[in-house]
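Below: the structure, in C-alpha cells.
By convention in this document, chain letters (A, B, ...) are assigned in the order of the sequence lines, proteins followed by strands, and residues within each chain are numbered from 1.
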Amino acid sequence: MSAPTRLGEVVGNERLLGLLRTGRTPPSTIFSGPDGVGKKTVALLLAAAANCRNPVDRDLCGRCPSCIKALSGNHPDIVLIQREKNTIEIGTIRKLNQEIQYRPFEGKTRYFIIDEADRMGPEAANAHLKTLEEPPDFCRIILVTAYPQLLLSTIRSRCQTFAFQPLSRQEIQSCLESDGSMDRAEIRSRFAQGSIGRAIALDLDQTLEERDLMLKILSGWFAHRRFQTVFEAAESNELRPKIKKRDETVRLLEQIQLICYDLYYLHVDTPDRVVNHDRIRELQKLTAVTSVESIRDFQKHVSRAKRDVERYVNPLMAFEALWLEDLQEEFS
Amino acid sequence: MSYQVTARKWRPQTFEEIVGQETVTQTLQNALTSGRIAHAFLFSGVRGVGKTTAARILAKALNCQEEITPNPCGECVSCEEIREGNCVDVQEIDAASNRGIDSIRELRDSVRYGTARDRFKIFIIDEVHMLTNEAFNALLKTLEEPPAHVKFIMATTELHKIPPTILSRCQKYEFKPIPFSAIFDRLKFITSREGVEISDYALSTLASVAQGSMRDGQSALDQILAFSGSKVQDADIKALLGVVDQRVVVDLFNVVAAADRGSLLTRVHELMSGGIAPQILCLRLVEHVRNLMVCRAVGWDESLLQLPDSEKADLEDQASKFADVDLIRFYDILSQTGNELRWHSQPAVHLEITLLKLIELEGLRSIEEVIGRLEGGGGLPSPSKGREAGRSLPGAPRISRPVPANAAPGQTAAVKPATPKSVVSTDGPKQESGDARPPERSASAEPAEAAVAEGASEPVSRLMTSLKEEFMGLYTQLQFDSEIAYVDGKLKISFPATGKFHAEIVEGQDNRRRLSETFATIIGAQPKIDIVLDAAEEEKQERVDPRNDPKVKAFLTKFPGRVTVKREFED
C-alpha cells in the first residue's frame, strides 16, 4: 500500500483537511498528533498543492512539473528538515533562518517542514523563535510533532496548532479494504490503535503469534502466580531469542499491555473496544481471576519494565523482574 | 496585502495600546517625559505579554523625529521604519541564533560608530537568555558604559538565565501575565474592528486558552477565524481548539463524585475521539482540581480562578462535594499521570484508566476517620505490656531489667525481641505473634533478686559501652540475641540454642579473658563469667500457625484482612 499522492486521498481528519485546504492558514503552524496518522504526508502534499501550476479544487494535479518534482521530493521550494542524529541541531536552524529570507525559486510559496520538531534542543528551538514569529510573506513553516507538549511554550505561542486525531477503527478498516493490498483488514485495524501507518507496517502473523504466547503466559500467571512457569516460558525456544533483543522485548511488553487494556474494558463492560477480539473467550476467562485493581497494579509493572528496557536495562532481567515485582506487591 | 496573523497585525504601536502592563508603560513614559532615560533596559516576562512590542515602541519614542516623546507620532520616517523593521539605527538582534561571543564582538565594534540619521543607535536584543556565558561577559563593559548615542533594550522569557552582572547594569522591567478580563476586552476590540461576529462565550474561551498570554489568545483567535470566517459558531471553538469546556470538566467530576465507572469511561472516550488530546484533558483536569481547591480555600476569586462569572455556582457546588484530602489525592494522581502521558505509547487508554482510579479513591477514607470509627464501635485492641515490650529493637542484647512493682510474679522481665514469624496482609501482627510465645524463664523473677538486678543492670550496660569502644568484634557477637545478666557477682551470658556459633566465639580466642578484664575494671573485682547455651528454650517454642493464634484472630476481626503467607526466620 502506497502513501497518498493527493490531498483527497488522505484518510480521516476530514474537517482538519478541509480547513487546511482553504489556504487561510497562518505562516507558522504546528501539525500535532500521534505517529502514523499522516501529519508529514499532509504537510508535504499541502506544499505541493500550493505550488502546483494547475490545482484542481485546491488539490495538486500531480502531472505538472512542479507536482512531479514535489512528489519525488526534489522541489527546490519545499524543504523537509529532519534530524540527523538524535536531535535537530542549532546549525540546521541557523541555516533555515538564512535560507528562509530568499524568494521562491520557481514556485509561489516556499514551505519549510520540520519533521519531529520536538527533537529541537533548547538552543535550536530558541534560535527558531524570531523566524517563527515574523516569517517572510512568501514562506510557510510547518512543525510536525507527535509530542507538541515537548515544544517550548514560546514556540507554541507563535504557531497555530492543528491537531490530527487518531483514526477510528472503521476508518482504518475501510481504507485497508478499499485498497485491497492488505489481508485481514479487520484484525489489522484493531491492532493499528488509530494509526494507519502502524496498520500498514504491521507484521500480522508475527504479532498474532507473539500475542498468543503472551496471552498464555498471562493466563497462567493470573491463575496460579507461579514465577517458575514464566521463567520456563522465557527460557523456551520461542521466547528466548526475542527477549534478548531490546526492540522485540518492547513489542512483547506492548502486547501484554494491550491484553491488560482488553481485560480492563471487559471489566468495565465496554467489550467493543477490545483489541484481541479473536481471543475474547480466553480473555473473559481471565476476567474471573483478575480485578480492575490487580490489573492496574500489574500494568504498572509492565509500563515500568517497558521503560526500563527502552532505557537500556538488560531486557531479560526487566522482563523477569516485572513478574517478581508483581508477586512482591501482593505480599507486601 | 498578504495574510498577516492577528498578533502581528494588531501589535500595539503606542504605549497606551499595551494591555495589562500599566506599571511598566507608565514608568517608561515618565522616564521619557522627564528625560531620565537609562542606557540599558531589560524586559522579562512570559511569552506573549508585550516585551518585544514594548521594546519597539520604546525605540520609536527615543528616535521619533520630533523629539524624545512618551507618545511617538508613528508617522515620521523613523517611526515608520522601525515599524517595518528596516531602520538602520535600530538593530533587532536575535540572540538565540547569534549567541556566540563573535556576535557580541561584532556588536561591540558597531557600537563605536555614530548614528546614521537618528538620535540614538538602539540595539534590541531579543531572547537574550540564549547568549552564551562568554558572550554575556564580553558584553559587560559595553553595557556598563556605552557611548551616549547607544541604547540597549533586552527582552527575555527566562530572567533566571541572565547573569547577575548583566542584571545589575540594566533597568529591569517585569511584564506580568495579562489578566483574563484584559485579554477578553482586547480580543473583543479586535474582533469588532475586523467585523467578526463572535459571542462573549467564545471570546471568554479564547481568553482562558490564552493563559495570561495575549499572543496565545490571538493565535487561537486566528485559528477560529481561519475555520469559521467572519461568523464564529460556539460549537466550532471547542472542536477546533481542542479546548475542554469548563462545563465538560465539571460534568466529568460530577460523574466521579457519583462513582459511575461506565459513564466516566464513555464520556472520556467521547471527548478524546472528538479531538481532545489526552495530555490537554489531563492538564485541564489538574487545573480544575486546582480551581476546586482554590474555591474551597478562598471562595470565588476572579483573579485566581480566571473563569467567567457564569461558572461560579457550578464550581462552588462541586467544591462542596469533595473533601480537601480527596482533591489533594486527585491532584497527585493527575499530575503524575500528566508526566507519564508524555511518553506513554497509549496515552488515551492510560488516562482513562487513571480516571477510574479517581472513583476508587472516593472509597478510601482518611486514616483519622478509620481510627475514629474503630474507637467509636468497639475500640482498638488495647496494647498489652508484652506488646509494648515487643517494640524494643529486635536483635539488641536483652539486658535484664528490674521487674516493675505491679508485675505478676513469673512474668517475663528479660525482654525478648520479637522474632517475626508471620506476615499478615495488614500491618501490625508482627508484634502480636511475638507475644504469642509462652512466657520465658527469668532469673530476676523474685522481688529480692530484682533488687540485686537493679544495681546490676547498670554495670552490664557500662560493660557493653566499653566493649563497644575496645573490642568491637566481641561486642558484635554479643548483639546476636544474647541475654546478659549480672546476678550475685556472676555475669551470666546466655545464648538461645540457635546462637551456638556466637557463643563459641565469645568463649574462645581470648574473648573470655577480655570480657573478664573489662568487667573487672567496672565492678572492681574479678567476676565469674558463665556462658550458657539455652537449649531448653528452643524446645519450648513451638511453632504456632499464625492463623490459630488468638491475638492474630482478634486482630483479623478488627481489621478485615487475611493471612497470606507464613514466613519463618531461621538463623
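- Heavy atoms of B/Leu283 lying under 4.5 Å from chain A are absent altogether.
- The shortest non-hydrogen separation linking A/Pro27 to B/Val5 is CD-CG1, 3.8 Å.
- For residues 215-222 of chain B, a heavy-atom distance under 4.5 Å to chain A picks out B/Arg215, B/Asp216, B/Ser219, B/Asp222, given by residue number.
- The side chain to side chain donor-acceptor pair (under 3.5 Å) test applied to A/Arg190 returns A/Glu186, not counting sequence neighbours.
- A salt bridge between B/Arg11 and A/Glu133 is present, with a side-chain N of the basic residue lying under 4.0 Å from a carboxylate O of the acidic one.
- Of all heavy-atom pairs between B/Thr52 and A/Lys130, the closest is CG2-NZ, 4.1 Å.
- A pairwise comparison of heavy atoms in B/Met130 and A/Pro122 identifies CE-O, 3.8 Å as the closest pair.
- Interface check for chain A: of the options B/Asp94, B/Leu265, B/Thr266, the most heavy-atom pairs under 4.5 Å are formed by B/Asp94.
- Screening residues 141-153 of chain A for side-chain hydrogen bond (donor to acceptor under 3.5 Å, both in side chains), with sequence neighbours left out, gives A/Asp118-A/Thr145.
- The pair B/Lys9-A/Glu134 does not count as a salt bridge, with every side-chain nitrogen at least 4.0 angstrom from each carboxylate oxygen.
- The two residues B/Arg99 and A/Arg94 have their closest heavy-atom pair at CG-NH2, 3.6 Å.
- Within 6.0 Å of atom CD in A/Gln98, 12 or fewer heavy atoms from other residues, nucleotides or ligands are found, so the atom counts as exposed in its surroundings.
- Heavy atoms of other residues, nucleotides or ligands lying less than 6.0 angstrom from CZ of A/Arg296 number more than 12.
- Every residue two or more places apart in sequence or in another chain was checked for a side chain to side chain donor-acceptor pair (under 3.5 Å) with B/Ser103, and none qualifies.
- Test A/Leu129, A/Asn97, A/Thr131 against B/Ser97 for side chain to side chain contact (heavy atoms under 4.5 Å, CB included) and you get one pass: A/Asn97.
- The shortest heavy-atom contact between A/Asn126 and B/Ala96 is O-CB, 2.9 Å.
- Contacts of A/Arg158 with chain B are made by both backbone and side-chain atoms, with heavy-atom separations under 4.5 Å.
- In this structure, the portion of B/Gln279 lying under 4.5 Å from any heavy atom of chain A is its side chain and not its backbone.
- Note that OG1 of A/Thr29 and CD of B/Gln223 are 9.5 Å apart. Values are rounded to the nearest 0.5 Å.
- Neither the backbone nor the side chain of A/Phe164 comes within contact range of chain B, judged by heavy atoms closer than 4.5 Å.
- For a residue to count as touching a neighbouring chain, one of its non-hydrogen atoms must lie under 4.5 Å from one of that chain's; by this rule A/Ser32 does not touch chain B.
- For the set B/Ile353, B/Thr157, B/Leu356, B/Asp126, the entry with the most heavy-atom pairs within less than 4.5 Å of chain A is B/Ile353.
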* Take A/Tyr265 and B/Val349, measure what side-chain contact (heavy atoms from CB on, under 4.5 Å) needs, and give me the verdict at the end. => CA-CA 10 Å; A/Tyr265 292 133; B/Val349 187; 3.5 Å; yes
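- Around atom NZ of A/Lys108, more than 12 heavy atoms belonging to other residues, nucleotides or ligands sit under 6.0 Å away.
- Salt bridge annotation for A/Lys300-B/Glu340: absent, with no cationic side-chain nitrogen under 4.0 angstrom from a carboxylate oxygen.
- A/Pro26 touches chain B through backbone and side chain together, each having a heavy atom under 4.5 Å away.
- For chain A, no part of B/Ala7 is nearby; none of its heavy atoms comes within less than 4.5 Å.
- Of the two parts of A/Leu150, only the side chain, counted from C-beta on, holds a non-hydrogen atom closer than 4.5 Å to a non-hydrogen atom of chain B.
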